[in-house]
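Data first, discussion second: the structure below is written as C-alpha coordinates.
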Number of protein chains: 2
Amino acid sequence: MSPAAAEPAEGSLLLDDQLCFALYAASRAVTARYRPLLDELGLTYPQYLVMLVLWEQDSISVRELGAALQLESSTLSPLLKRLEANGLLRRERRLDDERSVAIRLTDTGARMRERAASVPVSIGDAMGLTPDQDALAKQLLRLITANVAAG
Amino acid sequence: MSPAAAEPAEGSLLLDDQLCFALYAASRAVTARYRPLLDELGLTYPQYLVMLVLWEQDSISVRELGAALQLESSTLSPLLKRLEANGLLRRERRLDDERSVAIRLTDTGARMRERAASVPVSIGDAMGLTPDQDALAKQLLRLITANVAAG
DNA sequence: CGCGATTAAGTCGTGCACAACTAAAGCGTG
DNA sequence: CACGCTTTAGTTGTGCACGACTTAATCGCG
(Lines give C-alpha, C1' and ligand atoms only; values in the text may rest on other atoms or scores of the structure.)
Protein backbone atom coordinates (compact mmCIF):
# COMPACT_ATOMS: atom_id res chain seq x y z
CA MET A 1 0.00 0.00 0.00
CA SER A 2 2.35 2.74 -1.15
CA PRO A 3 0.33 5.92 -1.45
CA ALA A 4 0.22 8.35 -4.35
CA ALA A 5 1.37 5.96 -7.06
CA ALA A 6 0.25 8.23 -9.89
CA GLU A 7 -2.24 10.68 -8.46
CA PRO A 8 -3.26 13.29 -11.04
CA ALA A 9 -4.00 16.94 -10.63
CA GLU A 10 -6.68 17.92 -8.17
CA GLY A 11 -10.05 18.48 -9.77
CA SER A 12 -9.72 15.70 -12.32
CA LEU A 13 -12.99 14.63 -13.88
CA LEU A 14 -11.79 11.04 -14.32
CA LEU A 15 -14.16 8.67 -12.56
CA ASP A 16 -11.43 6.50 -11.15
CA ASP A 17 -9.64 9.45 -9.57
CA GLN A 18 -12.65 10.32 -7.48
CA LEU A 19 -12.71 9.32 -3.86
CA CYS A 20 -16.45 9.90 -3.91
CA PHE A 21 -16.92 7.13 -6.46
CA ALA A 22 -14.73 4.72 -4.51
CA LEU A 23 -16.92 5.48 -1.52
CA TYR A 24 -20.17 5.04 -3.39
CA ALA A 25 -19.02 1.79 -5.03
CA ALA A 26 -17.66 0.34 -1.77
CA SER A 27 -20.84 1.16 0.11
CA ARG A 28 -23.02 -0.58 -2.46
CA ALA A 29 -20.66 -3.56 -2.69
CA VAL A 30 -20.73 -4.05 1.07
CA THR A 31 -24.50 -3.74 1.19
CA ALA A 32 -24.75 -6.32 -1.59
CA ARG A 33 -22.60 -8.64 0.47
CA TYR A 34 -24.96 -8.25 3.41
CA ARG A 35 -28.05 -9.00 1.34
CA PRO A 36 -28.03 -12.82 1.36
CA LEU A 37 -27.23 -12.89 5.08
CA LEU A 38 -29.99 -10.42 5.92
CA ASP A 39 -32.45 -12.16 3.61
CA GLU A 40 -32.34 -15.08 6.04
CA LEU A 41 -33.44 -12.70 8.79
CA GLY A 42 -36.02 -11.05 6.57
CA LEU A 43 -34.30 -7.68 6.93
CA THR A 44 -33.00 -5.09 4.49
CA TYR A 45 -29.73 -3.37 5.26
CA PRO A 46 -31.26 -0.13 6.62
CA GLN A 47 -33.69 -2.23 8.66
CA TYR A 48 -30.71 -4.12 10.07
CA LEU A 49 -29.11 -0.83 11.10
CA VAL A 50 -32.29 0.14 12.92
CA MET A 51 -32.27 -3.19 14.71
CA LEU A 52 -28.63 -2.66 15.73
CA VAL A 53 -29.61 0.62 17.40
CA LEU A 54 -32.60 -0.96 19.13
CA TRP A 55 -30.57 -3.91 20.42
CA GLU A 56 -28.24 -1.35 21.91
CA GLN A 57 -30.95 0.84 23.40
CA ASP A 58 -34.58 -0.16 23.41
CA SER A 59 -37.46 2.30 23.69
CA ILE A 60 -36.06 5.14 21.65
CA SER A 61 -37.85 7.87 19.75
CA VAL A 62 -37.91 8.25 15.98
CA ARG A 63 -35.94 11.43 16.42
CA GLU A 64 -33.19 9.69 18.41
CA LEU A 65 -33.08 6.87 15.88
CA GLY A 66 -32.70 9.44 13.12
CA ALA A 67 -29.87 11.11 14.99
CA ALA A 68 -28.05 7.80 15.41
CA LEU A 69 -28.42 6.75 11.76
CA GLN A 70 -28.45 10.21 10.20
CA LEU A 71 -31.79 9.53 8.55
CA GLU A 72 -34.89 11.68 8.17
CA SER A 73 -38.25 10.80 9.65
CA SER A 74 -39.51 10.60 6.08
CA THR A 75 -37.18 7.64 5.58
CA LEU A 76 -37.67 6.08 8.99
CA SER A 77 -41.44 6.28 9.35
CA PRO A 78 -42.26 3.88 6.50
CA LEU A 79 -39.31 1.65 7.38
CA LEU A 80 -40.49 1.36 10.97
CA LYS A 81 -43.99 0.59 9.78
CA ARG A 82 -42.63 -2.33 7.79
CA LEU A 83 -40.68 -3.62 10.78
CA GLU A 84 -43.82 -3.29 12.88
CA ALA A 85 -45.84 -5.16 10.27
CA ASN A 86 -43.20 -7.91 10.42
CA GLY A 87 -43.68 -8.15 14.18
CA LEU A 88 -40.23 -6.95 15.23
CA LEU A 89 -41.22 -3.79 17.04
CA ARG A 90 -44.10 -1.66 18.31
CA ARG A 91 -44.64 2.09 18.00
CA GLU A 92 -46.45 3.88 20.83
CA ARG A 93 -47.02 7.56 21.46
CA ARG A 94 -45.17 8.77 24.54
CA LEU A 95 -47.57 9.71 27.32
CA ASP A 96 -45.51 12.63 28.58
CA ASP A 97 -45.01 14.06 25.07
CA GLU A 98 -47.52 12.96 22.52
CA ARG A 99 -45.50 14.36 19.63
CA SER A 100 -42.97 11.64 20.29
CA VAL A 101 -43.25 7.96 19.35
CA ALA A 102 -41.39 5.31 21.34
CA ILE A 103 -40.03 2.37 19.38
CA ARG A 104 -39.90 -0.83 21.42
CA LEU A 105 -38.71 -4.26 20.35
CA THR A 106 -41.13 -7.15 20.55
CA ASP A 107 -39.86 -10.45 21.94
CA THR A 108 -39.39 -11.61 18.36
CA GLY A 109 -37.32 -8.52 17.61
CA ALA A 110 -35.22 -8.95 20.72
CA ARG A 111 -34.64 -12.63 20.03
CA MET A 112 -33.38 -11.89 16.54
CA ARG A 113 -30.26 -10.48 18.11
CA GLU A 114 -28.75 -13.91 18.63
CA ARG A 115 -29.39 -14.93 15.04
CA ALA A 116 -27.77 -11.68 13.87
CA ALA A 117 -24.61 -12.15 15.90
CA SER A 118 -22.83 -13.99 13.11
CA VAL A 119 -23.54 -11.31 10.52
CA PRO A 120 -20.82 -8.79 11.44
CA VAL A 121 -18.31 -11.62 11.69
CA SER A 122 -19.13 -12.84 8.17
CA ILE A 123 -18.92 -9.34 6.78
CA GLY A 124 -15.70 -8.61 8.64
CA ASP A 125 -14.18 -11.74 7.13
CA ALA A 126 -15.39 -10.79 3.66
CA MET A 127 -13.92 -7.30 3.87
CA GLY A 128 -10.62 -8.95 4.60
CA LEU A 129 -8.91 -6.01 6.28
CA THR A 130 -6.31 -6.32 9.01
CA PRO A 131 -7.41 -4.83 12.35
CA ASP A 132 -5.19 -1.83 11.70
CA GLN A 133 -6.63 -1.29 8.24
CA ASP A 134 -10.14 -1.62 9.63
CA ALA A 135 -9.47 0.96 12.33
CA LEU A 136 -7.78 3.28 9.86
CA ALA A 137 -10.65 3.00 7.38
CA LYS A 138 -13.17 3.82 10.11
CA GLN A 139 -11.16 6.85 11.18
CA LEU A 140 -10.82 8.17 7.65
CA LEU A 141 -14.52 7.65 6.93
CA ARG A 142 -15.55 9.43 10.12
CA LEU A 143 -13.19 12.26 9.30
CA ILE A 144 -14.74 12.60 5.85
CA THR A 145 -18.26 12.47 7.28
CA ALA A 146 -17.48 15.09 9.91
CA ASN A 147 -15.69 17.43 7.50
CA VAL A 148 -18.34 17.17 4.82
CA ALA A 149 -21.18 17.70 7.28
CA ALA A 150 -19.47 20.70 8.82
CA GLY A 151 -18.70 23.16 6.01
CA MET B 1 -4.68 9.28 13.94
CA SER B 2 -3.45 6.54 16.25
CA PRO B 3 -5.26 3.35 15.32
CA ALA B 4 -7.03 0.90 17.59
CA ALA B 5 -7.77 3.26 20.46
CA ALA B 6 -10.36 0.99 22.05
CA GLU B 7 -11.46 -1.47 19.41
CA PRO B 8 -13.82 -4.06 20.85
CA ALA B 9 -14.11 -7.74 20.10
CA GLU B 10 -14.79 -8.75 16.54
CA GLY B 11 -18.43 -9.34 15.81
CA SER B 12 -19.72 -6.58 18.02
CA LEU B 13 -23.29 -5.54 17.31
CA LEU B 14 -22.64 -1.94 18.33
CA LEU B 15 -23.51 0.40 15.51
CA ASP B 16 -20.49 2.62 16.02
CA ASP B 17 -18.09 -0.32 15.85
CA GLN B 18 -19.23 -1.22 12.37
CA LEU B 19 -17.10 -0.21 9.44
CA CYS B 20 -20.12 -0.84 7.24
CA PHE B 21 -22.06 1.92 8.96
CA ALA B 22 -19.16 4.35 8.71
CA LEU B 23 -19.10 3.58 5.01
CA TYR B 24 -22.84 3.97 4.56
CA ALA B 25 -22.94 7.23 6.52
CA ALA B 26 -19.91 8.71 4.74
CA SER B 27 -21.31 7.85 1.34
CA ARG B 28 -24.62 9.57 2.07
CA ALA B 29 -22.91 12.57 3.65
CA VAL B 30 -20.70 13.08 0.60
CA THR B 31 -23.64 12.71 -1.75
CA ALA B 32 -25.53 15.27 0.30
CA ARG B 33 -22.61 17.64 -0.06
CA TYR B 34 -22.71 17.23 -3.84
CA ARG B 35 -26.43 17.93 -4.03
CA PRO B 36 -26.47 21.76 -4.05
CA LEU B 37 -23.59 21.85 -6.55
CA LEU B 38 -25.25 19.35 -8.86
CA ASP B 39 -28.63 21.05 -8.52
CA GLU B 40 -27.12 23.99 -10.39
CA LEU B 41 -26.30 21.61 -13.25
CA GLY B 42 -29.69 19.92 -13.03
CA LEU B 43 -28.05 16.56 -12.24
CA THR B 44 -28.44 13.99 -9.52
CA TYR B 45 -25.35 12.31 -8.14
CA PRO B 46 -25.72 9.06 -10.15
CA GLN B 47 -26.44 11.14 -13.25
CA TYR B 48 -23.24 13.07 -12.58
CA LEU B 49 -21.30 9.82 -12.43
CA VAL B 50 -22.74 8.81 -15.80
CA MET B 51 -21.68 12.16 -17.24
CA LEU B 52 -18.16 11.66 -15.86
CA VAL B 53 -17.89 8.40 -17.76
CA LEU B 54 -19.25 9.94 -20.94
CA TRP B 55 -16.89 12.94 -20.77
CA GLU B 56 -14.11 10.39 -20.55
CA GLN B 57 -15.34 8.18 -23.36
CA ASP B 58 -18.27 9.14 -25.55
CA SER B 59 -20.36 6.65 -27.51
CA ILE B 60 -20.42 3.82 -25.02
CA SER B 61 -22.96 1.03 -24.58
CA VAL B 62 -25.26 0.65 -21.61
CA ARG B 63 -23.37 -2.51 -20.75
CA GLU B 64 -20.00 -0.71 -20.68
CA LEU B 65 -21.49 2.09 -18.61
CA GLY B 66 -22.80 -0.49 -16.17
CA ALA B 67 -19.39 -2.12 -15.96
CA ALA B 68 -17.74 1.23 -15.20
CA LEU B 69 -20.24 2.24 -12.52
CA GLN B 70 -21.16 -1.23 -11.28
CA LEU B 71 -24.83 -0.59 -11.96
CA GLU B 72 -27.50 -2.79 -13.53
CA SER B 73 -29.32 -1.93 -16.73
CA SER B 74 -32.47 -1.76 -14.63
CA THR B 75 -30.93 1.22 -12.85
CA LEU B 76 -29.31 2.79 -15.89
CA SER B 77 -32.10 2.54 -18.43
CA PRO B 78 -34.51 4.91 -16.66
CA LEU B 79 -31.65 7.19 -15.60
CA LEU B 80 -30.43 7.47 -19.20
CA LYS B 81 -33.96 8.19 -20.36
CA ARG B 82 -34.11 11.12 -17.95
CA LEU B 83 -30.75 12.45 -19.16
CA GLU B 84 -31.98 12.08 -22.74
CA ALA B 85 -35.21 13.90 -21.87
CA ASN B 86 -33.07 16.69 -20.41
CA GLY B 87 -31.18 16.96 -23.70
CA LEU B 88 -27.78 15.82 -22.46
CA LEU B 89 -27.41 12.63 -24.50
CA ARG B 90 -28.94 10.49 -27.23
CA ARG B 91 -29.50 6.74 -27.30
CA GLU B 92 -29.24 4.94 -30.64
CA ARG B 93 -29.24 1.24 -31.46
CA ARG B 94 -25.91 0.07 -32.83
CA LEU B 95 -26.16 -0.90 -36.49
CA ASP B 96 -23.70 -3.78 -36.24
CA ASP B 97 -25.37 -5.24 -33.11
CA GLU B 98 -28.91 -4.15 -32.56
CA ARG B 99 -29.01 -5.55 -29.05
CA SER B 100 -26.65 -2.78 -28.06
CA VAL B 101 -27.49 0.89 -27.49
CA ALA B 102 -24.86 3.57 -28.00
CA ILE B 103 -24.99 6.52 -25.61
CA ARG B 104 -23.70 9.74 -27.18
CA LEU B 105 -23.45 13.18 -25.62
CA THR B 106 -25.29 16.03 -27.26
CA ASP B 107 -23.49 19.36 -27.61
CA THR B 108 -25.29 20.50 -24.47
CA GLY B 109 -24.04 17.45 -22.61
CA ALA B 110 -20.49 17.90 -23.83
CA ARG B 111 -20.51 21.59 -22.95
CA MET B 112 -21.60 20.84 -19.39
CA ARG B 113 -18.12 19.48 -18.76
CA GLU B 114 -16.66 22.95 -18.28
CA ARG B 115 -19.35 23.92 -15.79
CA ALA B 116 -18.70 20.69 -13.89
CA ALA B 117 -14.97 21.20 -13.60
CA SER B 118 -15.26 23.05 -10.32
CA VAL B 119 -17.35 20.35 -8.66
CA PRO B 120 -14.58 17.86 -7.74
CA VAL B 121 -12.47 20.74 -6.43
CA SER B 122 -15.25 21.92 -4.12
CA ILE B 123 -15.88 18.42 -2.86
CA GLY B 124 -12.18 17.73 -2.40
CA ASP B 125 -11.92 20.87 -0.31
CA ALA B 126 -14.97 19.90 1.74
CA MET B 127 -13.62 16.43 2.48
CA GLY B 128 -10.55 18.13 3.86
CA LEU B 129 -8.15 15.22 3.58
CA THR B 130 -4.44 15.56 2.97
CA PRO B 131 -3.29 14.08 -0.37
CA ASP B 132 -1.87 11.09 1.50
CA GLN B 133 -5.10 10.52 3.40
CA ASP B 134 -7.07 10.81 0.18
CA ALA B 135 -4.87 8.25 -1.56
CA LEU B 136 -4.98 5.93 1.43
CA ALA B 137 -8.76 6.16 1.68
CA LYS B 138 -9.13 5.34 -2.01
CA GLN B 139 -6.84 2.34 -1.64
CA LEU B 140 -8.68 1.00 1.38
CA LEU B 141 -12.08 1.48 -0.27
CA ARG B 142 -10.94 -0.29 -3.43
CA LEU B 143 -9.52 -3.10 -1.34
CA ILE B 144 -12.83 -3.50 0.48
CA THR B 145 -14.78 -3.38 -2.79
CA ALA B 146 -12.53 -5.98 -4.41
CA ASN B 147 -12.54 -8.31 -1.40
CA VAL B 148 -16.26 -8.10 -0.84
CA ALA B 149 -17.05 -8.66 -4.52
CA ALA B 150 -14.70 -11.62 -4.72
CA GLY B 151 -15.76 -14.06 -1.99
C1' DC C 1 -53.77 32.79 29.98
C1' DG C 2 -53.07 33.39 24.77
C1' DC C 3 -50.80 32.80 20.67
C1' DG C 4 -46.93 32.63 17.56
C1' DA C 5 -42.77 29.77 17.12
C1' DT C 6 -40.81 25.39 17.50
C1' DT C 7 -40.64 20.43 17.49
C1' DA C 8 -41.96 15.50 16.26
C1' DA C 9 -43.73 12.39 13.21
C1' DG C 10 -45.67 11.43 9.04
C1' DT C 11 -47.21 12.02 3.86
C1' DC C 12 -46.17 12.70 -0.90
C1' DG C 13 -43.44 12.93 -5.05
C1' DT C 14 -39.05 11.93 -7.41
C1' DG C 15 -35.17 9.26 -8.29
C1' DC C 16 -32.07 5.65 -7.38
C1' DA C 17 -30.84 0.38 -6.63
C1' DC C 18 -31.68 -4.19 -7.31
C1' DA C 19 -34.03 -8.80 -8.06
C1' DA C 20 -36.82 -11.18 -11.22
C1' DC C 21 -38.38 -11.27 -15.46
C1' DT C 22 -39.19 -10.28 -20.63
C1' DA C 23 -38.16 -9.45 -25.52
C1' DA C 24 -35.29 -9.30 -29.12
C1' DA C 25 -30.92 -10.01 -31.35
C1' DG C 26 -26.94 -12.69 -32.15
C1' DC C 27 -24.24 -17.02 -31.76
C1' DG C 28 -22.81 -21.93 -32.20
C1' DT C 29 -23.02 -26.59 -33.04
C1' DG C 30 -25.04 -30.50 -35.05
C1' DC D 1 -30.07 -24.16 -42.01
C1' DA D 2 -32.23 -24.91 -37.27
C1' DC D 3 -32.70 -24.53 -32.65
C1' DG D 4 -31.23 -23.74 -28.21
C1' DC D 5 -28.15 -20.80 -25.52
C1' DT D 6 -26.30 -16.40 -24.49
C1' DT D 7 -26.24 -11.47 -24.49
C1' DT D 8 -28.26 -6.76 -24.26
C1' DA D 9 -31.73 -3.53 -22.89
C1' DG D 10 -35.58 -2.69 -20.80
C1' DT D 11 -39.91 -3.43 -17.52
C1' DT D 12 -41.95 -4.18 -13.08
C1' DG D 13 -42.22 -4.26 -8.13
C1' DT D 14 -40.17 -3.21 -3.59
C1' DG D 15 -37.66 -0.48 -0.55
C1' DC D 16 -34.73 3.22 0.58
C1' DA D 17 -33.38 8.50 0.68
C1' DC D 18 -34.56 13.06 0.73
C1' DG D 19 -36.90 17.65 -0.08
C1' DA D 20 -41.17 20.00 0.62
C1' DC D 21 -45.00 19.97 3.01
C1' DT D 22 -48.72 18.80 6.74
C1' DT D 23 -50.58 17.94 11.28
C1' DA D 24 -50.54 17.91 15.95
C1' DA D 25 -48.41 18.77 20.35
C1' DT D 26 -45.52 21.58 23.15
C1' DC D 27 -43.00 25.65 24.45
C1' DG D 28 -42.14 30.41 25.56
C1' DC D 29 -42.90 35.03 26.00
C1' DG D 30 -45.76 38.94 26.81
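Scope of the values below: all heavy atoms of this structure, side chains included, with no hydrogens, waters or symmetry mates. The shown structure was predicted, so the numbers you read here are calculated from the model rather than taken from an experiment. Below, chain A is the first sequence line, B the second, and so on; all start at residue 1.
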Measure from CG on B:Leu38 to P on D:dG19 and round the result to the nearest Å. 13 Å
Check the distance between D:dT23's P and A:Glu98's CD and give it to me in whole angstrom. 19 Å
Rounded to whole Å, please give me the gap between CG in B:Leu65 and P in D:dT8. 14 Å
Determine whether a donor-acceptor pair (N or O, by modelled atom type, separation under 3.5 Å) exists between the side chain of B:Ser100 and the backbone of B:Arg94. no
By side chain to side chain donor-acceptor pair (under 3.5 Å) - contacts of B:Gln57 (at least two apart): none
Between the side chains of A:Arg35 and A:Asp39, is the shortest nitrogen-to-carboxylate-oxygen separation below 4.0 Å, so that they form an ion pair? no
Write down the distance between CG (A:Leu95) and C1' (D:dT26), rounded to a whole number of angstrom. 15 Å
Rounded to the nearest Å, what distance is computed from the CD atom of residue B:Glu84 to the C1' atom of nucleotide D:dG10? 13 Å
Interatomic spacing from CG in B:Leu23 to OG1 in A:Thr31 - rounded to 0.5 Å: 7.5 Å
Whole-Å distance between C:dA19 C1' and A:Asp39 CG? 10 Å
Within the distance-only criterion (no hydrogens, no angle test), does the side chain of B:Arg82 pair as donor or acceptor with the backbone N or O of B:Gln47 below 3.5 angstrom? no
I need a per-nucleotide contact map over nucleotides 5-18 of chain C, read 5' to 3'. Cutoff is protein heavy atoms under 4.0 Å; write B for the base, S for backbone only, - otherwise. --BSBBBB--SSBB
Aromatic plane relationship, A:Tyr48 with A:Trp55 - under 30° parallel, 30 to 60° tilted, over 60° perpendicular: perpendicular
